[in-house]
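Step one of this worksheet: look at the structure below.
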Amino acid sequence: MSVSCGVECVLVLGCLRWVWKRCTYIGSYDSATWVAATSAEFASVPRACRLILAVYEDDLRRPKFPPSGGYRLNPDFLVKRVTYEQTQGNAPPYLIYADHDHREIVLAIRGLNLAKESDYKLLLDNRLGMQMFDGGYVHHGLLKSAIWLLNEESETLRRLWMENGSSYRMVFVGHSLGSGVAALLTVIVVNHRHKLGGIPRSDVQCYAVAPARCMSLNLAVKYADVIHSVILQDDFLPRTPTPLEDIFKSIFCLPCLLLLICLRDTFIPEGRKLRDPRRLYAPGRIYHIVERKFCRCGRYPPEVRTAIPVDGRFEHIVLSCNATSDHAIIWIEREADKALENMRDDNSETITTAPRVQKLERLKTIEKEHKDALERAVSLNIPHAVTTAEEEPSTNNEESIEGEDAESSDNEAKITSESHGGRTNWNLVLEKLSKKNESGELASNKDTVAQHNKPL
């Protein structure tokens, strides 16, 4: 009797401890050890949020829902605005904006519309491990949407970049559903920059706001130099490892789903999560906006922390009443703008070195953080993870790779000629990048070359 009572007490205490830890876990704990972001690297984020909000407007000259302080955009710079009727369900609405003030060409994609069936079709067009791409796994429906966007707008983007002296940055921004499309579009563009006039990799940037989990961990780390995720405190979507299609099937009982995910993930070891190549993550470098503290009411002046995490990459569900409101683009824009103002005020008060020197030092730090994250992924045995050194071709493989390059160059004319009006057919480009392995699954060309070079 006493033994059974003792066991019951231990179980009750264990359950109470788990409930206490889960209920007192707040979003700021995820980034407690990260470094503070600088105003120079974060300056584009509020502007990206305003461009996403502009997609919701019918006329920028007479806006109906302007954010605090207005859009601060020039309507004359708007190149194109595409609605649901024009996309025909292949992609969310978007706009193209030539920002001559900041020397950027921006493609902004709106988030999920709960009233549109076409958005749900994009989310549901996926299964765990369905789509392998560039040595990792990605969300199939979002990848198809990114390809459709490139088929429609790659010529416009290339023309704008060439007309502006081939010196502008090309920026892809998106929120929620649109963030996944923008991130995967960026991965394709970075791998085929010659299709957009030969734009340098350093001039391609992506800002995924309230990002969906759309790519495997090795890709999330690999492209952290060009993709930047922006997360407001307790946002549920970047933290939910459940596939997107399951989340939005249960959108009307989301608190129940989050609680069940907490219970399930308690019994899954961290190492098992990291070694699952099909598990999807928020892409790239992460900027975490923190504005609330434990057991304190109200919002505090927001601060921004940044890192390229490998293990512990927003794996904890936060049981918070703000989990859904922190996903709203209007709140993210507001808090990002406040955070940027605070950073600029702090810099003006504590500046001790020239701004240009500070910027160069931060760029070196960012490059080192990316290299360290790649090495960390390899040391943790993340599937298909590579370092910058391993990405370079070795001398033993030069002949085979050169042969493949020659074959691909012979196919360039075919890819273009089979397109309408001489435009690049990005569906064929994707087929050249991805091949099927012996089991019938899509595998990247890099994996195919690696298999051929394995010792017998």
Side-chain angles (χ1 to χ4, degrees), residues 27 42-58 60 63-73 78 81-84 87 91-97 99 106-116 119-120 122-123 142 145 171-183 185 205-214 227-240 244 247-248 251 254 282-284 286-292 299 302 304 314 320-341:
F42 194 73
S44 299
V45 173
R47 190 164 65 247
C49 293
R50 289 193 291 271
L51 279 161
I52 295 169
L53 284 169
V55 183
Y56 293 78
E57 297 285 358
D58 295 326
L60 277 179
K64 296 179 181 179
F65 315 104
S68 178
Y71 285 106
R72 295 171 242 180
L73 303 174
L78 182 64
R81 182 180 178 276
V82 179
T83 62
Y84 274 111
T87 63
Y94 60 92
L95 62 78
I96 298 177
Y97 182 80
D99 191 345
V106 186
L107 173 62
I109 310 170
R110 66 159 284 169
L112 175 73
N113 186 341
L114 294 175
K116 284 292 181 180
D119 283 2
Y120 287 103
L122 283 180
L123 289 171
L142 299 182
S145 183
V171 183
F172 304 105
V173 301
H175 169 249
S176 188
L177 173 69
S179 69
V181 177
L185 187 151
Q205 296 291 316
C206 171
Y207 293 95
V209 182
R213 289 188 167 220
C214 59
I227 302 177
H228 313 285
S229 290
V230 182
I231 300 172
L232 178 59
Q233 185 110 2
D234 299 335
D235 188 359
F236 76 96
L237 191 59
R239 292 182 167 86
T240 310
L244 290 176
I247 294 174
F248 289 96
I251 190 66
L254 186 58
I286 296 179
Y287 290 92
H288 192 203
I289 305 173
V290 177
E291 57 173 2
R292 291 185 296 275
R299 296 174 182 265
V304 183
F314 280 73
S320 165
C321 58
N322 299 294
T324 53
S325 62
D326 283 352
H327 187 68
I329 182 64
I330 188 69
W331 274 113
I332 299 173
E333 186 276 333
R334 189 177 304 175
E335 298 305 318
D337 200 40
K338 287 181 185 177
L340 181 61
E341 290 179 4

Starting from the C-alpha separation in whole Å, work towards a yes-or-no answer on side-chain contact (heavy atoms from CB on, under 4.5 Å) for V209 and S179. CA-CA 6 Å; V209 182; S179 69; 5.8 Å; no

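- Between A48 and Y207, the closest heavy-atom pair is CB-CB, 4.3 Å.
- With D326 contributing its side chain and D234 its backbone, the two residues share a donor-acceptor pair below 3.5 Å.
- Inter-residue side-chain proximity for T87 and Y94 is flagged as met; some heavy-atom pair is nearer than 4.5 Å.
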side-chain contact (heavy atoms from CB on, under 4.5 Å) between L107 and V171, worked out: CA-CA 6 Å; L107 173 62; V171 183; over 6 Å; no

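- Contact detail for A210 and L237: the closest heavy-atom pair is O-CD2, 4.0 Å.
- Side-chain contact between L53 and I329 is present, with at least one heavy-atom pair separated by less than 4.5 Å.
- Here CZ of R292 is found 6.5 Å from CG of L232. Values are rounded to the nearest 0.5 Å.
- We find the CH2-SG distance between W331 and C49 to be 14.0 Å, quoted to the nearest 0.5 Å.
- Ring planes of H175 and H327: tilted class, angle from 30 to 60°.
- Within the model, atoms CZ of R47 and CD1 of I52 stand 12.5 Å from one another, a figure rounded to the nearest 0.5 Å.
- Closest approach of P66 and Y71 over heavy atoms only: CA-CE1, 3.6 Å.
- To the nearest 0.5 angstrom, L185 atom CG is 8.5 Å from S145 atom OG.
- V173 has its side chain out of reach of I109: every pair of non-hydrogen atoms, C-beta onward, lies at least 4.5 Å apart.
- Side-chain atoms of R110 do not come within 3.5 Å of backbone N or O of V55 as any donor-acceptor pair.
- The main-chain N or O of P283 is found under 3.5 Å from a side-chain atom of S229 such that the two form a donor-acceptor pair.
- Within the model, atoms CG of D119 and CG of L114 stand 8.5 Å from one another, a figure rounded to the nearest 0.5 Å.
- Counting heavy atoms from C-beta on, the side chains of R334 and I332 never come closer than 4.5 Å.
- For Y56 against G111, the heavy-atom pair with the smallest separation is OH-N, 3.5 Å.
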Evaluate side-chain contact (heavy atoms from CB on, under 4.5 Å) for L112 paired with L123, printing each intermediate quantity in order. CA-CA 9 Å; L112 175 73; L123 289 171; 3.9 Å; yes

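- Put simply, CD1 on I286 and CD1 on I231 are 4.5 Å apart, with the number rounded to the nearest 0.5 Å.
- At least one donor-acceptor pair closer than 3.5 Å links the side chain of E57 to the backbone N or O of K64.
- The two residues I227 and A183 make their nearest non-hydrogen contact at CD1-O, 3.7 Å.
- We find that K338 and E335 are joined by a salt bridge, their nearest charged nitrogen and carboxylate oxygen being less than 4.0 Å apart.
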Going through the checks in order, is the side-chain contact (heavy atoms from CB on, under 4.5 Å) test met by I289 and F42? CA-CA 11 Å; I289 305 173; F42 194 73; 4.1 Å; yes

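- Summarising the geometry of P238 relative to R213, their closest heavy-atom pair is O-NE, 2.9 Å, with the distance given to 0.1 Å.
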